[in-house]
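Start at 1 and go down the list; that is how both ligands and their atoms are numbered.
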Amino acid sequence: MSLRSANSPSLSRFAWFVSGRAAAYLWPMSATVQTNPFVEKAPLELYVPPAMPSLVGLTRAELADALGEAGVPEKQRKMRVQQLWHWIYVRGVRDFDAMTSVSKELRAALAQRFTLARPEVVAEQVSADGTRKWLLRLPGENNERPHEVECVYIPETDRGTLCLSSQVGCTLNCSFCHTGTQRLVRNLTAGEIVGQVMVARDRLGEWLGMERIKAPGLPTEGDRAISNIVMMGMGEPLYNFEAVRDAIGVIADGEGLSISKRRITLSTSGVVPMIARAGEEIGSMLAVSLHAVRDELRNELVPLNRKYPIAELLEACRSYPGLSNARRITFEYVMLKGVNDSIADGKALIRLLKGIPAKINLIPFNPWPGSTYECSDWEQIEKFSEVVFNAGYASPVRTPRGRDILAACGQLKSATEKLSARERMALRAMAMTD
Ligand code: SAH
Ligand code: SF4
């Protein structure tokens with residue numbers, strides 16, 4: 001099914017599930033988050049593998065084991081892995097029969113046991129400017145209740161950013177985030193995370209030997225359609241560590257999808273004990289959802305702060321393996337009107353980050369049905385970003401590109417005008433990949 005929508009409200013940032021179905025899972029936010037102590041939901045749903053597992057998303061070692069199951073002798077496995085890797089991740093084949101350099105017998109043996117399936121695309125939304133959003137269906141428990149996650153593609157003229165989900169829902173309950181209100185939580189498998197990239201490439205035609213789709217707003221043939229990945233969809237990636245690590249390993253593999261770890265950003269709400277491990281074992285760029293400069297406020301916005309307060313979080317950031325001026329941590333700061341957007345907050349933010357090679361990403365709040373916050377006025381965002389800019393941080397909303405985008409929407413000059421969905425997306429993608 002293909003849904004074409006020029007300006008869907010849910011295209012705005014990565015606010016998930018503005019659909020009726022998800023609305024049924026809404027928690028009474030104000031009551032739950034603001035009055036309760038730290039609440040963390042337990043994952044409710046388990047992954048039940050399909051009868052025929054997909055080879056998509058397996059590490060090279062796991063793929064070698066799978067080949068072993070299909071009768072490939074150990075000595076040949078490395079070479080066969082190499083062949084399959086090319087067919088799966090460079091050519092994007094979905095059928096073993098297309099693997100013409102692989103013997104017919106092996107193709108048949110593989111097809112008896114495995115598939116090359118990716119998540120099923122339930123709906124596709126294409127905005128006028130080329131932004132695409134896919135609603136993907138994943139198997140639920142006992143194949144009874146399928147889960148859905150979204151994957152968003154934000155193209156720019158010379159690059160494209162794909163935003164991936166790591167969990168269905170999220171066990172954390174950030175008070176400004178729609179995902180946290182979802183009741184269902186299940187970790188995605190590495191295959192389902194890599195599968196989102198496969199789906200996006202399928203839909204964009206970005207495989208060797210395939211014709212890229214041409215549409216307004218998409219990068220041209222000379223540039224990669226998907227050049228950057230952000231783990232900023234649903235879920236807390238560091239609560240699904242192994243799957244995220246393995247998936248990023250597959251996505252970054254230079255002989256396959258080949259999106260370098262410098263172009264992959266993992267966003268965390270601040271799971272302090274996992275940050276060092278993320279640096280060592282994943283090695284992607286890191287973004288930290290800070291959103292507040294005082295523990296009291298951060299406890300309310302990001303309840304995980306009660307477990308890992310700001311000082312501990314920043315200490316973990318200071319010692320993030322590989323941190324340097326060339327490899328900075330992005331601090332995300334959602335602009336909430338009258339909550340965290342004062343000039344004093346801006347100055348405190350600068351003081352707090354002193355000494356950490358950092359980028360600051362101001363995110364206009366994206367409201368959702370039932371949310372209790374409002375997005376800061378544009379004038380206030382500009383003032384705040386000036387504080388950030390004057391302290392020497394490239395402030396995304398001040399870049400020429402940002403200005404272009406803002407200029408495209410004249411009303412933004414007005415103090416009370418809210419950002420449109422498209423501008424939020426554009427600013428965000430730009431901030432993450434600049
Ligand atoms: N769980 C991870 C990654 C997914 S959320 C994390 O929290 O970092 C990705 C980013 O979107 C985070 O910075 C999050 O705080 C922000 N975000 C969530 N809901 C938002 C909303 N309604 N408006 C703007 N940003 C939001
Ligand atoms: Fe949303 Fe991220 Fe908080 Fe989870 S950790 S509720 S995805 S902002």
Side-chain angles (χ1 to χ4, degrees), residues 9-18 25 27 29 32-33 38-41 43 149-152 161 163-185 187-188 193 229-241 244 265-272 274-275 278 284-292 298-308 313 317 329-337 339-341 359-376 381 418-419 421 423-425 427-429 431-432:
S10 53
L11 262 178
S12 53
R13 210 208 55 92
F14 312 113
W16 310 106
F17 292 86
V18 186
Y25 300 143
W27 281 31
M29 279 307 289
T32 312
V33 175
F38 172 60
V39 184
E40 196 173 330
K41 300 186 285 271
V149 288
E150 283 184 350
C151 175
V152 182
T161 303
C163 174
L164 306 182
S165 294
S166 57
Q167 298 182 302
V168 176
C170 183
T171 56
L172 300 170
N173 300 299
C174 300
S175 53
F176 57 90
C177 174
H178 199 200
T179 302
T181 65
Q182 253 187 272
R183 193 174 55 81
L184 293 185
V185 183
N187 281 339
L188 298 194
I193 298 170
I229 302 274
V230 290
M231 300 283 318
M232 289 188 183
M234 290 170 97
E236 168 48 58
L238 295 187
Y239 272 7
N240 186 14
F241 188 88
V244 167
T265 303
L266 181 155
S267 173
T268 178
S269 57
V271 186
V272 168
M274 303 306 284
I275 288 181
S284 64
M285 305 301 281
L286 184 70
V288 170
S289 298
L290 190 60
H291 307 319
R298 194 162 188 272
N299 285 346
E300 194 187 304
L301 300 180
V302 185
L304 187 64
N305 195 68
R306 298 174 194 200
K307 226 172 175 174
Y308 310 119
L313 174 58
C317 291
I329 294 178
T330 299
F331 287 90
E332 296 165 276
Y333 197 94
V334 64
M335 299 299 294
L336 302 170
K337 185 175 183 170
V339 175
N340 65 353
D341 64 349
K359 290 193 264 188
I360 296 173
N361 180 13
L362 303 180
I363 314 171
F365 170 64
N366 184 54
W368 38 273
S371 62
T372 49
Y373 300 103
E374 277 182 79
C375 181
S376 305
I381 297 182
K418 301 276 157 45
L419 288 177
E423 277 116 30
R424 281 196 201 98
M425 289 284 272
L427 284 171
R428 183 142 179 73
M432 291 323 303

task = Could you pull out the closest heavy-atom pair between L313 and G270, with the gap in Å?
result =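 Looking at all heavy atoms of both residues, the shortest contact is CD1-CA, 3.6 Å.
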query = Can you tell which part of N366 has a heavy atom less than 4.0 Å from ligand 1: side chain, backbone, both or neither?
reply =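 The part of N366 near ligand 1 is both the backbone and the side chain.
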key: Proximal ligand 2 atoms for L172, defined as those under 4.0 Å from one of its heavy atoms   =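 Listed by number with element: 5 (S), 6 (S).
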message = Which residue and atom name correspond to the protein heavy atom nearest atom 4 (Fe) of ligand 2, and how close is it?
response =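 Here the nearest protein heavy atom works out to C170 SG, 2.3 Å.
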key: Parallel, tilted or perpendicular: rings of F365 and Y373 (30°, 60°)   =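 Rings of Y373 and F365: perpendicular, as their planes differ by over 60°.
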key: Ligand-residue contact atoms, ligand 2 with S269, heavy atoms, under 4.0 Å   =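 Close to S269: 5 (S).
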ask   = Under 3.5 Å, N or O to N or O, is H178 touching ligand 1 that way?
value =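 Checking ligand 1 against H178, no N or O pair falls under 3.5 Å apart.
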ask   = What is the minimum heavy-atom distance between S269 and L304, and which atoms define it?
value =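 Closest approach of S269 to L304, heavy atoms only: OG-CD2, 3.5 Å.
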ask   = What are the two closest heavy atoms between C174 and P303, and how far apart are they?
value =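 Closest pair (atom of C174, atom of P303, distance): CA-CD, 3.7 Å.
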request  = Work out whether the distance between some heavy atom of G235 and some atom of ligand 1 is less than 4.0 Å.
outcome  =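 The answer is yes: ligand 1 sits under 4.0 Å from a heavy atom of G235.
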ask   = Between T268 and ligand 1, which residue portion shows a heavy-atom distance shorter than 4.0 Å: side chain, backbone, both, or neither?
value =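 Looking at T268 and ligand 1, just backbone atoms fall under 4.0 Å.
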ask   = Heavy atom under 4.0 Å from ligand 1: found in E236's side chain, backbone, both, or neither?
value =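 Under 4.0 Å from ligand 1, E236 contributes backbone and side-chain atoms.
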request  = For the pair E236 and T268, evaluate side-chain hydrogen bond (donor to acceptor under 3.5 Å, both in side chains) and give the outcome as yes or no after the intermediate values.
outcome  = CA-CA 6 Å; E236 168 48 58; T268 178; 2.9 Å; yes
H291 and F176 aromatic centres sub-6.0 Å =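 They qualify: ring centres under 6.0 Å apart.
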task = Output the list of atoms in ligand 1 that are nearer than 4.0 Å to some heavy atom of W368, sorted by atom number.
result =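 Answer for ligand 1: 22 (N).
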key: G180 to ligand 1, any heavy atom closer than 4.0 Å   =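 Flag not set, G180 not near ligand 1.
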ask   = How about atom 2 (Fe) of ligand 2: does it have a protein heavy atom within less than 4.0 Å?
value =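 Answer no: nothing from the protein, no heavy atom, is under 4.0 Å.
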key: Interatomic distance, I363 atom CD1 to E332 atom CD [nearest 0.5 angstrom]   =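 Result: 4.5 Å between the selected atoms.
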request  = Any atoms of ligand 1 less than 4.0 Å from a non-hydrogen atom of V334? List them with their elements.
outcome  =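 Atoms satisfying the 4.0 Å criterion: 24 (C), 25 (N).
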inquiry  = If the cut-off is 4.0 Å to any non-hydrogen atom of G180, which atoms of ligand 2 fall inside it?
reply    =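 So the atoms of ligand 2 that pass are 6 (S).
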inquiry  = Quick check: closest heavy atoms across M232 and S267, and the distance to 0.1 Å?
reply    =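 Heavy-atom minimum between the residues: CG-CB, 3.6 Å.
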query = Going by atom types only, do N187 and Q167 share a side-chain donor-acceptor pair under 3.5 Å?
reply =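 Yes, because at least one side-chain N or O of N187 sits under 3.5 Å from a partner of the opposite role on Q167.
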ask   = Is it true that a side-chain atom of N340 and a backbone atom of V334 form a donor plus acceptor pair closer than 3.5 Å?
value =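 Yes; judged by distance alone, with no hydrogens or angles, the pair exists.
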message = If the contact criterion is a heavy-atom separation under 4.0 Å, does H291 count as touching ligand 1?
response =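 Contact present.
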query = What are the two closest heavy atoms between S165 and L188, and how far apart are they?
reply =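 Scanning both residues, the minimum pair turns out to be O-CD1, 3.4 Å.
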query = Relative to the heavy atoms of E332, which atoms of ligand 1 are at a distance of less than 4.0 Å?
reply =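 Heavy-atom distances to E332 below 4.0 Å select 10 (C), 12 (C), 13 (O).
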query = Taking only heavy atoms of C177, which atoms of ligand 1 are found under 4.0 Å from at least one of them?
reply =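 In order of numbering, the contacting atoms are 18 (C), 19 (N).
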inquiry  = Can you confirm, on distance only, whether ligand 1 has an N/O atom lying under 3.5 Å from any N/O atom belonging to F176?
reply    =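 Yes, there is a polar N/O contact under 3.5 Å.
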